[in-house]
Amino acid sequence: MAARMENVEEIRNRVILGEFGVTNVHTTDFPGNYPGYDDTWNVEKFQKNFRIDVVHLDENSMEFDMVGIDAAIANAFRRILLAEVPTMATEKVFIYSNTSIVQDEVLAHRLGLIPIKADPHLFEYRNTGEESAEEEGSEIDTIQLQLKIKCSRNPRASKDSSDPRELYLNHMVYSKDIKWVPIGNQADVFADCCIGPVHDDILIAQLRPGQELDIVMHCVKGIGKDHAKFSPVATASYRLLPEITLLEVVEGEKAERLKQCFSRGVIDLEDINGTKVAKVVNSRLDTCSREVLRHSDLKNVVKLGRVRDHFIFTVESTGILPPDVLVTEAIKVLVAKCQRFLNELDSTAME
């Protein structure tokens, strides 16, 4: 009976990586599925088991553990990060002059995908229903940027030189050449803000003497669900925490080969009475390649699994907002969605 209960615990809490497939992939701990288990959901139990541990945080990326939730909630959180946290991005491109070899449509697309450093909380959504193509927008919903540059020959260049960097001036157009043009009272309101492209070294086009660009861009507030240019993250992904269990003692040359089957830092060799013995040091570093299962003498000495409710999140920001702010905003969006659903249920019950 004890072995049977142990097997049930494994089915409920672990995803097992086998030689020919992955088992226990579906969530099965719903009420009434297992005799003797109370799987009814309650707030107290959730609060006791749920936690978030920040593992790494810098200005561009963040790694944290989210423990005690179902995969559906983790995936909803990931999708919100990708598609529902608002940012500012170029919506309209007015090309007054473009004599470069880059077509207008391609140039407009490249400009639209350049991340713009601006706090979306300080702007309103633009009312697209009433605007026209010629409308300039207002100071509360639009950022105006300008790109005006012309390539010319460098009079100081050597006659024998063939390097374009020496022969020409302004022949490489970068995002640093995009300048902010305040609308209305924006110069006073955003005096302390540095509005413009997040990165200065994004190549936009290459010019030759006589070619020029004269472009005005309007940036508005939007979400990634409408267009990828509004997505605030470069990547937002999660994976389950790996779990590696040695079923027997592995020694000597066998231990050396076992170590080579895993990512660096997962398995280490411990010297016990002059014999090298393999031990699991940090299973978190494993990529779950299942390389060990290719070896007939090693596949039965190790058990590969993943903890079902332990999600390792990786969030990489485009630079518009810090990653910790993005996570906070995603949580707010998720809470708002839940509240909206509860309100709908209440209104339906009243009817």
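Below, all heavy atoms of this structure are taken into account, side chains as well, without hydrogens, waters or symmetry copies.
- At least one donor-acceptor pair closer than 3.5 Å links the side chain of Arg110 to the backbone N or O of Leu203.
- Applying the ring pair (Phe, Tyr, Trp, His ring centres under 6.0 Å) criterion to Phe46, with sequence neighbours excluded, gives Trp41, Phe50.
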Tell me which donor-acceptor pairs under 3.5 Å the side chains of residues 58-66 have, and how far apart each pair is, sequence neighbours excluded?
unit_1 : atom_1 : unit_2 : atom_2 : d
Asp58  : OD1    : Asn60  : N      : 2.9
Asp58  : OD1    : Ser61  : N      : 2.6
Asp58  : OD1    : Ser61  : OG     : 3.1
Asp58  : OD2    : His56  : NE2    : 2.9
Asp58  : OD2    : Ser61  : OG     : 3.3
Glu63  : OE2    : Arg284 : NE     : 3.4
Glu63  : OE2    : Arg284 : NH2    : 2.8
Asp65  : OD1    : Arg284 : NH1    : 3.2
Asp65  : OD1    : Arg284 : NH2    : 2.7
Asp65  : OD2    : Arg284 : NH1    : 2.8
Asp65  : OD2    : His310 : NE2    : 3.0

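- Both the sub-6.0 Å distance and the 45° axial angle are satisfied by Lys221 relative to the ring of Tyr125.
- Judged as a ring pair (Phe, Tyr, Trp, His ring centres under 6.0 Å), and not counting sequence neighbours, the contacts of Phe311 are Tyr238.
- Residues in residues 183-198 take part in no salt bridge (charged side-chain N to carboxylate O under 4.0 Å, His left out) pair, two or more places apart or across chains.
- A donor-acceptor pair under 3.5 Å links the side-chain atoms of Asp271 to the main chain of Gly274, judged by distance alone.
- Judged as a salt bridge (charged side-chain N to carboxylate O under 4.0 Å, His left out), the pairs with a partner in residues 332-344 (not counting sequence neighbours) are, in order, Glu84-Lys337, Glu329-Lys332.
- Taking the six-membered ring wherever Trp is involved, the centroid distance between the rings of Tyr37 and Phe30 does not fall below 6.0 Å.
- Among Ile215, Ile178, Val102, Asp177, the one residue that satisfies the side chain to side chain contact (heavy atoms under 4.5 Å, CB included) test with Ile204 is Ile178.
- Within a 6.0 Å sphere centred on NZ of Lys254, other residues, nucleotides and ligands contribute more than 12 heavy atoms.
- The hydrophobic cluster containing Val307 also includes Leu241, Ile312, under a criterion of side-chain heavy atoms closer than 4.5 Å among ILVMFWY residues, counted directly or through chains of members.
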